[in-house]
Enquirer: 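Okay, handing you the structure first.
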Amino acid sequence: MSGPQLSGAGVQLSDHVREEIDRWVAKFPPDRKRSAVISALHAVQHGNNGYLTTPLMDAVAEYLALPPIQVYEVATFYSMLRGSEEIVARCEKKLGIKTGESTPDGRIYLKREEECLAACNNAPMMMVDHVYHENLTPDGVDKILDELK
């Protein structure tokens, strides 16, 4: 399977991804293309080594003729679409604790995964000491945790 193809106009979906999306769109009434968004995002994510980017989500929205926010809402609501598992695993490894535990010195408590912290367009994200950290990467998590006092 080939990944996304770049063009002068930005990211375009590969032929394989467009075929996969078309397969899902065909399962719903013509006015219900939005029903195919999650499957479209899975196909795009799979074709991009497990990651979604805003340009890829925009390409899905354009392909389905939907407002981009309708695609972002789906991508950010379903944690498996934005890499939150990797962020949680990185926090647990870096801190040496699991979700719901405190560090031995009691300084840091890794509360839990939340379904929604109202940062839909900028997931994966986490809140540390009431500060939002958005569009996280595993390296970004390391930096945030290293800077904790």
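Just so it is clear, the values below take in all heavy atoms, side chains as well, and ignore hydrogens, waters and symmetry mates.
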Enquirer: Taking all atoms of both residues into account, what is the closest heavy-atom pair of Ile97 and Ser102, and its distance?
Expert: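 Here Ile97 and Ser102 meet closest at CG2-O, 3.3 Å.
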
Enquirer: Does Asp31 have any side-chain contact (heavy atoms from CB on, under 4.5 Å) partners at least two apart in sequence or in another chain, and if so, which?
Expert: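 Asp31 satisfies side-chain contact (heavy atoms from CB on, under 4.5 Å) with Pro29 only.
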
Enquirer: Would a 4.5 Å heavy-atom cut-off, applied to side chains only, mark Asp142 and Arg90 as touching?
Expert: yes

Enquirer: Are the side chains of Asp146 and Lys94 in touch, meaning some heavy atoms are under 4.5 Å apart?
Expert: yes

Enquirer: Rest of the hydrophobic cluster containing Trp24 (Ile/Leu/Val/Met/Phe/Trp/Tyr, side-chain heavy atoms under 4.5 Å)?
Expert: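 The other cluster members (ILVMFWY side chains, heavy atoms under 4.5 Å, direct or chained) are Phe28.
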
Enquirer: Provide the closest heavy-atom pair for Val71 versus Val37 in the form atom of the first, atom of the second, distance.
Expert: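 It is CA-CG1, 4.1 Å.
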
Enquirer: When you look at CD of Glu62, are more than 12 heavy atoms from neighbouring residues, nucleotides or ligands closer to it than 6.0 Å?
Expert: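 No, not enclosed.
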
Enquirer: Between Asp22 and Tyr63, is there a side-chain donor-acceptor contact under 3.5 Å, judged purely by atom types and distance?
Expert: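 Result is yes, a qualifying pair exists.
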
Enquirer: What distance separates Asp139 CG from Ile144 CD1, expressed to the nearest 0.5 Å?
Expert: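 Atom-to-atom, Asp139:CG and Ile144:CD1 are 11.0 Å apart.
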
Enquirer: Drop me the distance from Arg107's CZ to Leu95's CG, to the nearest 0.5 angstrom.
Expert: 8.5 Å

Enquirer: Does any N or O in the side chain of Glu92 come within less than 3.5 Å of the main-chain N or O of Thr99, such that one atom is a donor and the other an acceptor?
Expert: yes

Enquirer: Does a side chain donor of either Thr103 or Asp105 reach within less than 3.5 Å of an acceptor in the other side chain?
Expert: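 A donor-acceptor contact under 3.5 Å links the two side chains.
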
Enquirer: Can you confirm whether Pro68 sits close enough to Met57 that some side-chain heavy atom of one is under 4.5 Å from a side-chain heavy atom of the other?
Expert: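 No, every pair of side-chain atoms sits at 4.5 Å or beyond.
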
Enquirer: For the OH atom of Tyr109 and the CD atom of Glu101, what is their distance to the nearest 0.5 Å?
Expert: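 Interatomic distance, Tyr109 OH to Glu101 CD, rounded to 0.5 Å: 9.0 Å.
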
Enquirer: Indicate yes or no: does Glu73 engage Arg34 in a salt bridge with an N to O separation below 4.0 Å.
Expert: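 Yes, charged N to carboxylate O under 4.0 Å.
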
Enquirer: Salt bridge check: are Lys143 and Glu147 linked by an N-O gap of less than 4.0 Å?
Expert: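 Judged by the 4.0 Å cut-off on N to carboxylate O distance, Lys143 and Glu147 do form a salt bridge.
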
